[in-house]
Number of protein chains: 2
Amino acid sequence: MLFFAYRDFTSEPDALLAGQGFGRAHHRVIYFVGRHPGMTVSELLGILRITKQSLARVLRELVDQGFVAQAPGERDKRQRRLSLTSKGLAFERALTERQLTRIAKAYAAAGPQAVEGFRKTLLAITDDPSLGRKGMS
Amino acid sequence: MLFFAYRDFTSEPDALLAGQGFGRAHHRVIYFVGRHPGMTVSELLGILRITKQSLARVLRELVDQGFVAQAPGERDKRQRRLSLTSKGLAFERALTERQLTRIAKAYAAAGPQAVEGFRKTLLAITDDPSLGRKGMS
DNA sequence: CTTTTATGTCAGTCATGTTGACATTTTGCC
DNA sequence: GGCAAAATGTCAACATGACTGACATAAAAG
C-alpha cells in the first residue's frame, strides 16, 4: 500500500518535473529547501541520506537553471546556504498544488480522524520521527 | 512523510535482499507472486506498471535461482503461471517478518484507531484503491 | 489461415544512487 | 603562525532499475 500510495502521490509532480528535464530527486531538493530556507548543504545531505556526489549533480542543475540560490554563510563562509529563487518558489507551488489536491480528496474520502491516524502511523513507521514535527509530507 | 516512511519501511528487507544480489524490484515480485500464486506475467505487469523488459530481468534471476516457478497455463498454454517455490516462500517470510515487526511497533505506538485511519487514507491517496482489498502492504 | 495475444529477448538510453580519491576554502585550536 | 579538521566541490567508474524500439515464437481466436 505504501508503494502504491507513494507512486501515485508522486506521479503528477513527476510529469511536471519531466517537462523541465528534472526528476524526483530535484523535487525533493526543491521541497526541503523551500521548507528550510537558508539550510546548508550538509543539513540537506543529512535529511536525504544520500552522498554529496549524488546531491551535487541535482543541485548544480537547479542552481544553473535558476531555481535555487546559494549564498555564503554569514558566520561561516565555507557554507553555502540554500534558498529558492522566485522562479523556484513558483515551481514548488505548482508541484505542491497537485499533491494538496490529492490530500484534500483523501481527507474528504477518509475523514479527519483517519488522516490524523495516518499521520501518527506514518511517523511511527519512520525511524526518526523527529523530522515529522514541522509539517513535512 | 511518505518518502521517509517508505524508505525506512523498505530498509531492512533491502539489506536482506542485497545479500542475495537482489534489489527492491525482486522484493516486489516475490511479494505479489506470494500473494497471488498462479498469476500470469501480464497480471504482474499490470500491478507493477512497468515494462515487460524491466520485469524480465528480475523475473529471470528469480527463476534461475529457484525462488519463483513457472508453469504453462492449463487452459491457455501461452501463459506462464507464476508461483513461489518453497525456497521463495521461506525468503518471502524472512522479508515480511521485519516489516511486520515495524508495523507492530507502529500499531503499539499509534493505536488501532490510528492504524485503521492510516489504511483508509493510504487507499484514498492511491489512484486505484481496488488493489487494497486483500491485505496488501 | 491469418491475426491477435502472451511472452521472451536483444540492444541502447536515462535517472539516480553508490565508492573512492583529491582540491579548495575557511575555521578552530595549540 | 601554522596545521588539522570541516564544508563543499569535482572527477571517474560503476550498479540498479526504469525506459524505448524492434523482433521472435508459440498458442489462441477469428
Side-chain angles (χ1 to χ4, degrees), chain A residues 3 6-8 10-11 13-33 38-65 68-83, chain B residues 3 6-7 10-11 13-33 38-64 68-83:
Chain A
F3 169 63
Y6 185 62
R7 183 182 61 187
D8 292 343
T10 53
S11 66
D14 282 354
L16 252 186
L17 288 155
Q20 304 277 331
F22 291 159
R24 217 173 273 181
H26 300 83
H27 189 183
R28 290 200 281 264
V29 170
I30 288 178
Y31 179 85
F32 287 113
V33 171
M39 78 188 307
T40 66
V41 171
S42 36
E43 283 166 359
L44 187 52
L45 284 174
I47 288 179
L48 297 174
R49 283 201 236 151
I50 57 177
T51 58
K52 61 179 176 178
Q53 295 92 330
S54 299
L55 178 58
R57 215 172 9 204
V58 171
L59 193 52
R60 187 160 17 90
E61 288 168 1
L62 288 171
V63 171
D64 286 352
Q65 298 188 37
V68 171
Q70 290 176 321
E74 292 187 9
R75 251 195 10 240
D76 187 338
K77 290 178 195 163
R78 287 171 306 180
Q79 299 175 338
R80 305 294 167 89
R81 328 245 13 171
L82 305 171
S83 57
Chain B
F3 168 64
Y6 185 62
R7 182 182 63 186
T10 53
S11 66
D14 282 354
L16 252 187
L17 289 154
Q20 303 278 331
F22 292 159
R24 218 172 273 182
H26 301 81
H27 188 183
R28 291 199 281 265
V29 170
I30 288 177
Y31 179 84
F32 286 113
V33 172
M39 78 188 307
T40 67
V41 171
S42 36
E43 284 166 357
L44 187 52
L45 284 174
I47 289 179
L48 297 175
R49 283 200 235 152
I50 58 175
T51 58
K52 61 178 177 178
Q53 295 91 330
S54 298
L55 177 58
R57 214 174 8 205
V58 171
L59 194 51
R60 188 159 17 89
E61 288 168 0
L62 288 171
V63 170
D64 285 353
V68 171
Q70 289 176 320
E74 291 186 10
R75 250 195 11 240
D76 186 338
K77 290 178 194 164
R78 288 172 305 181
Q79 299 175 340
R80 305 296 168 87
R81 328 243 15 170
L82 305 171
S83 57

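Basis for what follows: all heavy atoms, side chains included, without hydrogens, waters or symmetry-related copies. Letters A, B, ... are given to chains in the order of the sequence lines, protein chains preceding strands, and every chain is numbered from 1.
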Considering non-hydrogen atoms only, spot the tightest contact between A/R7 and B/I47 and give its length.
-> NH1-O, 3.5 Å

Atom CD of A/Q79 and atom C1' of D/dA6: how far apart are they, to the nearest Å?
-> 10 Å

Does B/Y6 offer a backbone N or O that forms a donor-acceptor pair with the side chain of B/T10 under 3.5 Å?
-> yes

Relative to each other, are the rings of B/F3 and A/F32 parallel, tilted or perpendicular (30° and 60° limits)?
-> tilted

Using a cut-off of less than 4.0 Å, is there contact between a side-chain N or O of B/S42 and OP1 or OP2 of C/dT7?
-> yes

Counting only side-chain N and O atoms of A/H26, is one of them less than 4.0 Å from OP1 or OP2 of C/dA15?
-> no

Does a donor on one side chain and an acceptor on the other come within less than 3.5 Å for B/T40 and B/R80?
-> no

Within the structure shown, what part of the strands sits under 4.0 Å from B/R28 by heavy-atom distance: base, sugar-phosphate, or nothing?
-> sugar-phosphate

Nucleotide nearest B/T51 (side chain, heavy atoms from C-beta), chosen from D/dT20, D/dT10, C/dT18 = D/dT20

Measure from CE on B/M39 to C1' on C/dT7 and round the result to the nearest Å.
-> 15 Å

Between A/Y31 and A/H27, how do the two ring planes meet: parallel, tilted or perpendicular, split at 30° and 60°?
-> perpendicular

Between C/dT19 (C1') and A/I50 (CD1): distance, integer Å = 15 Å

Nearest non-hydrogen partners of A/G23 and A/L17, listed with the distance = O-CD1, 3.5 Å

Can you tell which of D/dT8, D/dT10, D/dA18 lies closest to the side chain of A/V41?
-> D/dT8

d(CG, A/L59; P, C/dG17) in whole Å = 13 Å

Any salt bridge between B/R49 and A/D8, counting N to O under 4.0 Å?
-> yes

Which residue lies more 5' along DNA chain C, comparing B/R57 with B/R80 via nearest heavy atoms = B/R80

Find the distance A/Q70:CD to D/dT8:C1' and express it as a whole number of Å.
-> 9 Å

In whole angstrom, give the distance that lies between atom CD of B/E61 and atom P of D/dA18.
-> 12 Å

Rounded distance in Å - CG (A/D14) to C1' (D/dC19) = 14 Å

Every protein N/O lying under 3.5 Å from an N/O of nucleotides 28-30 of chain D:
residue : atom : partner : partner atom : Å
D/dA28  : OP1  : B/R75   : O            : 3.3
D/dA28  : OP1  : B/K77   : N            : 3.2

Select from B/A56 and A/R24 the residue whose nearest nucleotide in DNA chain C is closer to the 5' end of that strand.
-> B/A56

Here the distance between atom C1' of D/dC19 and atom CG of B/L48, to the nearest Å, is 15 Å

Sorted by position of nearest nucleotide on DNA chain D, 5' first, the leading residue of B/V58 and B/Q53 is B/V58

